[in-house]
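Structure first, commentary second.
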Amino acid sequence: MDASERDFNLKVVLISFKQCLTDEGEVLLDHYIDSWKGLVRFLNSLGAVFSFISKDVVSKLQIMERLRNSPQSEHYTSLQSMVAYEVSNKLVDIDHRSCRHPNSGCRTVLRLHRALHWLQLFLEGLRTSSENDRTSTLCSDAYNTTLAAYHSWIVRQAVTVAFCALPSRKVFLESMNVGSSEQAVEMLGEALPFIEHVYDISQKLYAEHSLLDLP
Ligand SMILES: CCCCCCCC/C=C\CCCCCCCC(=O)N[C@@H](COP(=O)(O)O)[C@H](O)/C=C/CCCCCCCCCCCCC
């Protein structure tokens with residue numbers, strides 16, 4: 001195990017959502033992308049059965065990194081500047097019948113934003129569950145309340161199969177690499193408010209610009 005693997009733990013990843021937010025309530029995209037990269041790393045450690053999920057997230061992160069490295073990068077420093085730029089320059093498919101901007105930043109972040117809601121509910125479920133609760137049930141309850149409505153039948157089936165491969169609650173909490181299951185639960189209580197804050201600000205911003213249903 002090298003130093004980076006030893007130092008990697010889910011607390012670092014979850015707390016990193018705190019850095020996404022400025023005092024003025026802006027969501028910084030570089031930190032947002034980095035937080036997601038940490039989550040993908042954790043997902044990959046759970047096994048190959050989740051690789052179709054991490055591939056999808058990675059492809060969305062690549063779109064965002066391309067925008068951050070493009071000549072328009074200054075407009076992609078925060079979620080707020082991205083929304084202002086893409087909306088005012090008609091770079092998003094507000095009209096549901098058109099699909100002219102499948103790689104817009106707004107559409108791409110919307111998919112991650114919905115997944116952040118799943119993460120929030122799943123972590124809250126994990127935090128408040130008891131020893132004998134099943135991780136797969138917690139995970140699929142959170143999925144059915146959030147992402148499932150946006151996924152095709154085939155994706156929902158694949159996801160359901162993948163959930164069955166999740167380890168037990170105890171093993172899962174210990175795999176976070178933050179100590180005992182009790183310490184992991186405590187850490188979730190510390191980190192969840194940062195994720196909730198990022199989610200709430202993004203949700204409000206997208207709702208104000210009618211961007212919550214981008215095709
Ligand atoms: C203490 C526990 C911490 C858990 C940390 C887990 C790490 C989580 C990492 C990633 C979470 C999943 C992110 C899923 C993003 C899905 C984005 C999406 O909705 N994509 C669909 C729509 O995209 P477009 O086609 O419109 O471009 C795409 O069709 C779907 C692709 C398949 C993947 C969808 C799977 C979603 C499952 C969420 C549960 C993940 C289970 C992880 C188990 C811990």
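Atoms within a ligand are numbered from 1 in the order they appear, just like the ligands themselves.
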- prompt: What protein heavy atom is closest to atom 6 (C) of ligand 1, reported as residue, atom name and distance in Å?
  reply: Phe42 CD2, 4.0 Å

message: Between Lys204 and Asp200, does any side-chain N to carboxylate O distance fall below 4.0 Å?
response: no

message: Ignoring hydrogens and geometry beyond distance, is a side-chain donor-acceptor pair present between Ser51 and Ser54 at under 3.5 Å?
response: no

- request: For atom 43 (C) of ligand 1, find the nearest protein heavy atom and state the residue, atom name and distance (0.1 Å precision).
  value: Leu166 CD2, 3.8 Å

query: Does Glu190 pair with Lys11 as a salt bridge, N-O distance under 4.0 Å?
result: yes

- prompt: What protein heavy atom is closest to atom 38 (C) of ligand 1, reported as residue, atom name and distance in Å?
  reply: Leu147 CD1, 3.8 Å

query: Among side-chain atoms of Glu86 and Tyr76, is any donor-acceptor pair under 3.5 angstrom?
result: yes

task: Indicate yes or no: at least one non-hydrogen side-chain atom of Leu61 is less than 4.5 angstrom from one of Leu112.
output: yes

task: Around atom 32 (C) of ligand 1, find the nearest protein heavy atom and jot down its residue, atom name and distance.
output: Val155 CG1, 3.9 Å

message: Starting from atom 20 (N) of ligand 1, what is the nearest protein heavy atom, named by residue and atom, and what distance separates them?
response: Asp56 OD2, 2.8 Å

field: Closest protein heavy atom (residue, atom, distance) for atom 35 (C) of ligand 1
entry: Val159 CG2, 3.6 Å

task: Could you tell me whether Leu173 approaches ligand 1 through its side chain, its backbone, both or neither, with non-hydrogen atoms closer than 4.0 Å?
output: neither

query: So which of His117, His113, Arg114 actually passes side chain to side chain donor-acceptor pair (under 3.5 Å) with Gln203?
result: His113

message: One thing to verify: whether Arg68 and Glu65 come together as a salt bridge, which I'm taking to mean a side-chain N less than 4.0 angstrom from a carboxylate O.
response: no

- prompt: Which one holds for Leu112 and ligand 1: side chain close, backbone close, both close, or neither close, with close meaning a heavy atom under 4.0 Å?
  reply: neither

query: Is there a path of hydrophobic side-chain contacts, each under 4.5 Å between heavy atoms of I, L, V, M, F, W or Y residues, that connects Leu116 with Leu212?
result: yes

- prompt: What atoms in ligand 1 come closer than 4.0 Å to a heavy atom of Leu10?
  reply: 1 (C), 2 (C), 3 (C)

message: Under 4.0 Å, heavy-atom basis, I'd like to know which part of His151 is in contact with ligand 1: side chain, backbone, both or neither.
response: side chain

message: Side chain, backbone, both or neither: which applies to Arg107 and ligand 1 if a contact is any heavy-atom pair less than 4.0 Å apart?
response: side chain

statement: Looking only at protein heavy atoms, what sits closest to atom 23 (O) of ligand 1 is Lys60 NZ, 3.2 Å

message: If you measure every N or O of Trp118 against every N or O of ligand 1, does any of those distances drop under 3.5 Å?
response: no

task: Tell me which protein heavy atom sits closest to atom 42 (C) of ligand 1, plus the residue, atom name and distance to 0.1 Å.
output: Leu43 CD1, 3.5 Å

- prompt: Can you pull the ring pair (Phe, Tyr, Trp, His ring centres under 6.0 Å) pairs that have at least one residue in residues 127-150, sequence neighbours excluded?
  reply: Tyr143-His151, Tyr143-Phe163

